[in-house]
Amino acid sequence: MKRGKNYGSVSSTGGDDVRGRPMRQPGSGVSVRSARRAPRQSIVERMWKVFSKEEKIDYEGLDYEETEGEMELIELRKIDMLYSRHLNLARWLLMFVIGLITACVGFLVDVCVQKLSTLKFSWLGDSITECVQDDCLIVSFLKWLMLDLGFVLIATSLVNFVEPIAAGSGIPEVKCYLNGIKMPHVVRLSTLVTKIAGVIFSVCGGMTIGKEGPMVHAGAVIAAGVSQGKSTTLRFFKTDFFKYFRTDVEKRDFVAAGAAAGVAAAFGAPIGGVLFSLEEGSSFWNQRMTWRTFFCSMTSTFFLNLLLSGFRGGVWGELSNPGLINFGKFDDLQYSFQEVPWFIIIGISGGLFGALFIHLNLMLTRFRMKHIGRNKLMRVTETLVVASLTTAVAFTLLTLFDDCLPLEDEPESNPLQFFCPDHQYSAMASLVFNTPEVCIKSLFHASPQAFQRGTLLTFCICYYFLACITYGLSIPSGLFVPSILIGAAFGRMFALTVQSTEVGYTDPGSYALIGAAAFLAGMTRMTISLTVIVIEATGNVTFGLPIMVAVIMAKWIGDLFNEGIYDAHIELKGVPLLKWDPPRMARWALTAHDIMSYEITCVRLENKVGDIYNMLKQCKHSAFPVVMFNVASNQATFCGFILRTHLVMMLKYRVFTPNRNDQNAHKMTPDDFRAEYPRWPTIDEIKLTPDEMEMWLDVRHYMNASPPVLYECS
């Protein structure tokens, strides 16, 4: 609810501050306490413990409230139609640049991963082929192990010693940022560099991860940096052309578009990227954002398609590679009504296994938080241990699993023979001795006889548990590709099982696609955006209904047990992100009066500089209510609120006067604040003389005079 000039009254204890002492004289920072006796804090404490899992971490809030103070209104009145069109054109230009740079980053990641993986598998393949004849497989295993450990060591060292927040996919952190939680370093340039380099070496190191998830975080960082027209890391990059966008509100909108561009680049799905940002990311949205975000996603998809088509196909200008992961074309997708129950079963399985995955991963994450914590050496060691285990499992499956098949059934153009007789290939090698993207394409498009059920079952179980222990390590990692790969193997195995019962013919590739969508939905709980992403990635809308059935069933079943993996990790970290629905107890048993603070540090319309300075030194709040105290009636009238950053900036720019009610004080403009954004000065950087401490500070020009107000009975 917006409040106008008729401010409501806030009850006061008359003349006492929070310690029960007489309130300071007019002009001082004051603390107002309600006349009603504060209830016991047990309810609040219980709610906090449940919400934060007893991990109390201080998080700052971003200023997503449109400030309506005198300073902002003066600037708004100066904006004419020409300048408004200039701003609108600048927004579209920035969306284009964000999409272009995101595409270039995705191209860089894909090229590096492909080149390094090709060299790695070529060298190791020659070594294994030679050692099969010379009986020296232990040498090949050691080469494989040392190569993977070297790659992973680089990735985990970058994360632990450069930017720890670059670990994981970054989707939970971006989601928190878009919903008003200030996550430290989440959109820094160093985070982007660490994320890009880390995910390249992690994927090449054979970890059970994908490079598509981190593209969401990369797109968000690119958008946050480009939209500001300056960089605190690259000090030579600074322009005032985009200075109007140096606010939390404007930056938030660009970050949402950048996240959508990252999804679009990962899957070649511009519409799916927009829906992902809307469904999973931001809770602030409007129609203008929809069009701009779609334009940004479309730009990212187009340029990445252009670059990848020239690199992979050798024909520049032929748009045949829309995303980092290519599902291939499904031209002959068909299904009958009798198969719908099978789709439902696959969806239920995706929800059950997704819920189990989240449960096991959360147990492991709690163990890590308790026994490893923030010890960097321990985190590096843990990552290397998991990398060693992953390589050992892959080598074991490769050497001990006997699943040789005739060459006419090979799933790819370059089959791997290894331990098989002549004119046969190893199906397991096609799954563990390739990049995840190549494996997914093989599961989707290989002939029905290309993989046996035992091969798929063994691979599915091993990859499932490896993905579970890998997610949460100190490396950049995505969960999209592991989920898709596990689901594709399960779906193909399910189709072969149905065929063996002679119930009817099923296409294993089509069921692999349904399984991939179901397992990804079971782990992430994405619905609309996931359906559109899969349809766009396959280029075929025929299987839209089966995909929707499987995705909805997976979400429904999974929600019976726990939340999606991203929301679960956000809650586990104690991030105060509000859920869509309030807790059941809050609906009928609690009002704002039960959980609100009763001892409030306030600012008056006119204050002594020394009082404001001391208040900021002692209090860490990010915003303060502004009140007008009437001594005669013992009432404090609420006038608005003012941000901590504004108060610090006022002290830095010396906008105070020797006398009270002096109208000759220097007036700051929004450009003064934009010049410091986002690295605001701290109160510790402000040095004042004794004479300045006795001067007066008037906050009327800078406070938000119409903030949203919630009554205590609400």
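Heavy-atom basis, side chains included; hydrogens, waters and symmetry copies ignored. One is the number of the first residue; the rest follow in order along the sequence.
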- Task: Please name the residue in the list H569, H217, K573 that meets the side chain to side chain donor-acceptor pair (under 3.5 Å) test with E173.
- Result: K573

- Query: Which pairs pass salt bridge (Lys or Arg N to Asp or Glu O under 4.0 Å) with one or both residues in residues 90-106, sequence neighbours excluded?
  - Reply: R91-E250

- Message: Centroid separation under 6.0 Å, is that true for the rings of F245 and Y677?
- Response: no

- Between R246 and E676, is the closest basic N to carboxylate O distance under 4.0 Å? no

- Query: Judged by atom type as modelled, is there a donor-acceptor pair below 3.5 Å linking the side chain of R368 to the main-chain atoms of G373?
  - Reply: no

- Query: Is any NZ, NE, NH1 or NH2 atom of the basic residue among R604 and D611 found under 4.0 Å from an Asp or Glu carboxylate oxygen of the other?
  - Reply: no

- Short side-chain to backbone donor-acceptor contact, D672 and T669, under 3.5 Å: yes

- Task: Would you give the length of the straight line joining atom CG of L643 to atom CE of M649, rounded to the nearest 0.5 angstrom?
- Result: 12.0 Å

- Indicate yes or no: does R188 engage E163 in a salt bridge with an N to O separation below 4.0 Å. no

- Task: Say whether, by atom type as modelled, one donor and one acceptor occur between the side chain of E692 and the main chain of T689 under 3.5 angstrom.
- Result: yes

Could you list the donor-acceptor pairs under 3.5 angstrom formed between side-chain atoms of residues 619-626 and any protein atom two or more places apart in sequence or on another chain?
residue : atom : partner : partner atom : Å
S622    : OG   : E60     : OE1          : 2.3

- Query: Would you call E606 and R700 a salt bridge, using N to O less than 4.0 angstrom?
  - Reply: yes

- Query: Is the F641-H646 ring centre distance short of 6.0 angstrom?
  - Reply: no

- Item | Any donor-acceptor N/O pair, K195 side chain to A166 backbone, under 3.5 Å | yes

- Query: What residues form a side-chain hydrogen bond (donor to acceptor under 3.5 Å, both in side chains) with R252, not counting sequence neighbours?
  - Reply: none

- Check for a donor-acceptor pair, side chain of S282 on one end and backbone N or O of L278 on the other, with a separation under 3.5 Å. no

- Task: Report, as yes or no, whether the 6.0 Å neighbourhood of atom CD on Q287 holds more than 12 heavy atoms from other residues, nucleotides or ligands.
- Result: no

- Return the orientation label for the F295 and W92 ring planes: parallel under 30°, perpendicular over 60°, tilted otherwise. perpendicular

- Message: Using a 3.5 Å distance criterion without hydrogens, assess whether the side chain of Y613 forms a donor-acceptor pair with backbone atoms of K687.
- Response: no

